[in-house]
2 protein chains.
Amino acid sequence: MKRWTTGQVSKQRNVSVRTLRYYDQIDLLTPSFKEDNGRRYYSEEDLFKLEKIIILKSLSLPLENIRDLLNKLSYKQILISHHNYLQDELSKLQTSITNTKSLINMVDLEESLSWERVSQLIQISQNSSKKWIDYFEVDEKLLLQETIPNLGNNDRTTHQYISLLRRIEWCIKHDIKPESNEGHQIACELIEISNDTFQGDTKLMDKFWEVRKLPSEETGLYPISEEVLEYVERCIANVTG
Amino acid sequence: MKRWTTGQVSKQRNVSVRTLRYYDQIDLLTPSFKEDNGRRYYSEEDLFKLEKIIILKSLSLPLENIRDLLNKLSYKQILISHHNYLQDELSKLQTSITNTKSLINMVDLEESLSWERVSQLIQISQNSSKKWIDYFEVDEKLLLQETIPNLGNNDRTTHQYISLLRRIEWCIKHDIKPESNEGHQIACELIEISNDTFQGDTKLMDKFWEVRKLPSEETGLYPISEEVLEYVERCIANVTG
DNA sequence: TGTATTAGATGACGTTACGTCACCTGCAAT
DNA sequence: ATTGCAGGTGACGTAACGTCATCTAATACA
């Protein structure tokens, strides 16, 4: 029967010798053989046990709990809970990534970050976003998912869309009416982008703007103030009406 | 101007009050206002700083290092490194998931697991010992390396860059011309490293050196003096021209 | 207005999962 | 014979807080 020393196990399983000694000390993994000279020798079974420990540890389970669990759980049970854990982490990671992308875009697009905006964005992504899409029908979803700028994207449309929002904010700040030339210009560009996005489906477009008006905590969309939304409505009404 | 107490920040950003006090204690995040009664009040700026800290911490960067470079890195640089990190985690997770799945299948199919098989599978997913610094760009590494002494960074390229810069400074001090033998040698090594770094992308390489000419407060990069830059240009021109 | 209930502050000690250090031992190799 | 490892045993150190006990000021409410 094969036996391994601490050093060999250490190299093989990428844990420190100290760790092995520690595990022995706290009675988590005691090597099957211990000779008079005090040396530790690990059996194949021990290695499996170590592997179990490593997996359970990766679930951020404290060693004390692992010790209690080790003999009660089968390898399969452990693997399955590990798998579930990984899946959880995966979805967390994915929202984290979109979130980070959004922030990067925000830094790019806004000259000065306001805490309010950033914190809104962070908050939204903390309670699992992506809810806005639930307001739509299956077939509508397909189109939207691909085309709606969600700030996590780096595409041109997103940038255009956001720079338009910035321009609107600027207009509001400088008291330039939606009925002015600038407002007209903005409306035209908005319509162009929208046509692009919704591929001429005006009904869907209207519905989208309805959803837009809901609070962003609910929809998980990039937060747009009431003022801006009103401006959009008015300048578009001015053009199309 | 808005101010937040420890409790409010704690709830908002999901960190414990103890943590905030600790960060104050170690001079990592000292609240902008501290009243006679001893209470801590955080400003908007403080919140941004906290957010930066949280992100850098997620790269498993020790708090001490975070303190040293918090002011030297822009929000965007931090976000991008974070993004790199997340991408890395994602691919690690994905392989981890696949491996776990196949292990579960193995347990299902073979009544007895052989250690050899299992260990093969697990070994693959382990060896990526990236350090936090690896999530930054080449040029940012220079800054980091300089800011945080004894970084223990094994990145050969960064070391080469720094030692070359030292050599150039030495040459300037001792009035050794870029057209000299030593200058020639330096140029050759520079070109070699650059080729390595940018993998033959000369455009990117040019841009790299262009950016270097801007003041470092603007770029947030490792400051290289005019003299050194000129030396670089001259000795490279001497070789390639 | 007085009082009860918090929210906040300050030490001080505890915690986890090891790292690190000093020093000792048995054994194979030169 | 000695030298160089690979192994061992305490003992202390560490990071990033958690968790008391105790005190004080701010706020809520009767």
Side-chain angles (χ1 to χ4, degrees), chain A residues 2-43 46-47 49-70, chain B residues 2-43 46-47 49-70 126 129 131-132 148 150-152:
Chain A
K2 259 190 187 169
R3 307 185 323 169
W4 292 269
T5 69
T6 47
Q8 289 166 337
V9 175
S10 162
K11 271 182 200 160
Q12 229 188 102
R13 300 285 67 237
N14 204 31
V15 293
S16 73
V17 175
R18 175 69 174 97
T19 299
L20 290 173
R21 283 204 277 262
Y22 179 63
Y23 289 175
D24 187 8
Q25 189 185 320
I26 64 169
D27 263 336
L28 176 60
L29 179 68
T30 44
S32 299
F33 316 99
K34 228 176 190 174
E35 297 204 341
D36 305 348
N37 51 24
R39 297 204 162 185
R40 279 167 259 259
Y41 293 98
Y42 294 85
S43 70
D46 294 337
L47 289 185
K49 209 169 166 186
L50 176 59
E51 205 47 53
K52 276 189 182 181
I53 292 169
I54 292 173
I55 292 176
L56 286 173
K57 203 158 73 82
S58 79
L59 309 177
S60 36
L61 227 70
L63 296 184
E64 207 189 322
N65 294 346
I66 294 180
R67 186 179 48 201
D68 300 338
L69 277 178
L70 257 187
Chain B
K2 260 190 187 169
R3 308 183 322 168
W4 292 270
T5 68
T6 45
Q8 289 165 336
V9 174
S10 161
K11 272 183 199 160
Q12 231 189 101
R13 300 283 69 240
N14 206 31
V15 292
S16 73
V17 174
R18 175 69 174 96
T19 300
L20 290 173
R21 282 203 277 263
Y22 180 62
Y23 288 174
D24 187 8
Q25 190 185 320
I26 65 168
D27 263 335
L28 175 61
L29 179 69
T30 43
S32 299
F33 315 99
K34 229 177 190 173
E35 296 204 344
D36 306 347
N37 50 27
R39 297 208 158 180
R40 280 166 257 260
Y41 292 99
Y42 294 84
S43 71
D46 294 337
L47 290 185
K49 210 169 163 185
L50 176 59
E51 204 54 42
K52 274 189 179 182
I53 292 169
I54 293 172
I55 295 177
L56 287 173
K57 202 158 74 82
S58 78
L59 308 178
S60 39
L61 186 62
L63 295 184
E64 207 191 322
N65 293 346
I66 294 181
R67 186 181 48 201
D68 295 339
L69 56 79
L70 200 53
Q126 261 180 359
S129 56
K131 285 189 180 163
W132 61 268
I148 300 165
N150 60 38
L151 192 50

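A note on names: the letters A, B, ... follow the listed sequences, proteins ahead of strands, and every chain is numbered from 1. Heavy atoms only: backbone and side chains are in, while hydrogens, waters and symmetry mates are out.
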Original post:
Among A/Lys49, A/Arg40, A/Arg67, which residue meets the side chain to side chain contact (heavy atoms under 4.5 Å, CB included) test with A/Leu29?
Top reply: A/Lys49

**OP:** Can you figure out which of D/dA25, D/dA16, C/dA17 approaches the side chain of B/Asn37 most closely?
**Re:** D/dA25

Original post:
What nucleic acid atoms does A/Tyr41 come within less than 4.0 Å of, heavy atoms only: base, sugar-phosphate, or nothing?
Top reply: nothing

Original post:
Does a nitrogen or oxygen in the side chain of B/Lys34 sit under 4.0 Å from OP1 or OP2 of C/dG8?
Top reply: no

Original post:
When you look at B/Thr30 and B/Asp24, which way does the side-chain hydrogen bond (donor to acceptor under 3.5 Å, both in side chains) test go after all the steps?
Top reply: CA-CA 5 Å; B/Thr30 43; B/Asp24 187 8; 5.1 Å; no

Original post:
Is the charged tip of A/Arg3 near the ring of A/Tyr42: under 6.0 Å from the six-membered ring centre and within 45° of its axis?
Top reply: no

Original post:
Can you check whether B/Leu20 reaches B/Leu50 side chain to side chain, under 4.5 Å on heavy atoms?
Top reply: yes

Subject >> Phosphate contact (C/dG19 OP1 or OP2) by A/Ser16 side-chain N/O below 4.0 Å >> reply: yes

Original post:
With no angle test and no hydrogens, is the base of D/dT9 tied to the side chain of A/Arg21 by a donor-acceptor pair under 3.5 Å?
Top reply: no

Between the protein and nucleotides 3-6 of chain D, which nitrogen or oxygen pairs come in under 3.5 angstrom?
none

Original post:
Counting any heavy atom closer than 4.0 Å, what does B/Leu63 reach on the DNA or RNA strands: base, sugar-phosphate only, or nothing?
Top reply: sugar-phosphate

**OP:** Looking only at side-chain atoms of A/Thr19, point me to the closest of C/dC18, D/dC17, D/dG8.
**Re:** C/dC18

Original post:
For D/dC17, does either OP1 or OP2 sit under 4.0 Å from a side-chain N or O belonging to B/Tyr23?
Top reply: yes

Subject >> Options D/dT9, C/dA17, C/dA12, nucleotide nearest the side-chain atoms of A/Arg40 >> reply: D/dT9

Subject >> B/Tyr22 side chain near D/dA15 phosphate (N/O to OP1/OP2, under 4.0 Å) >> reply: no

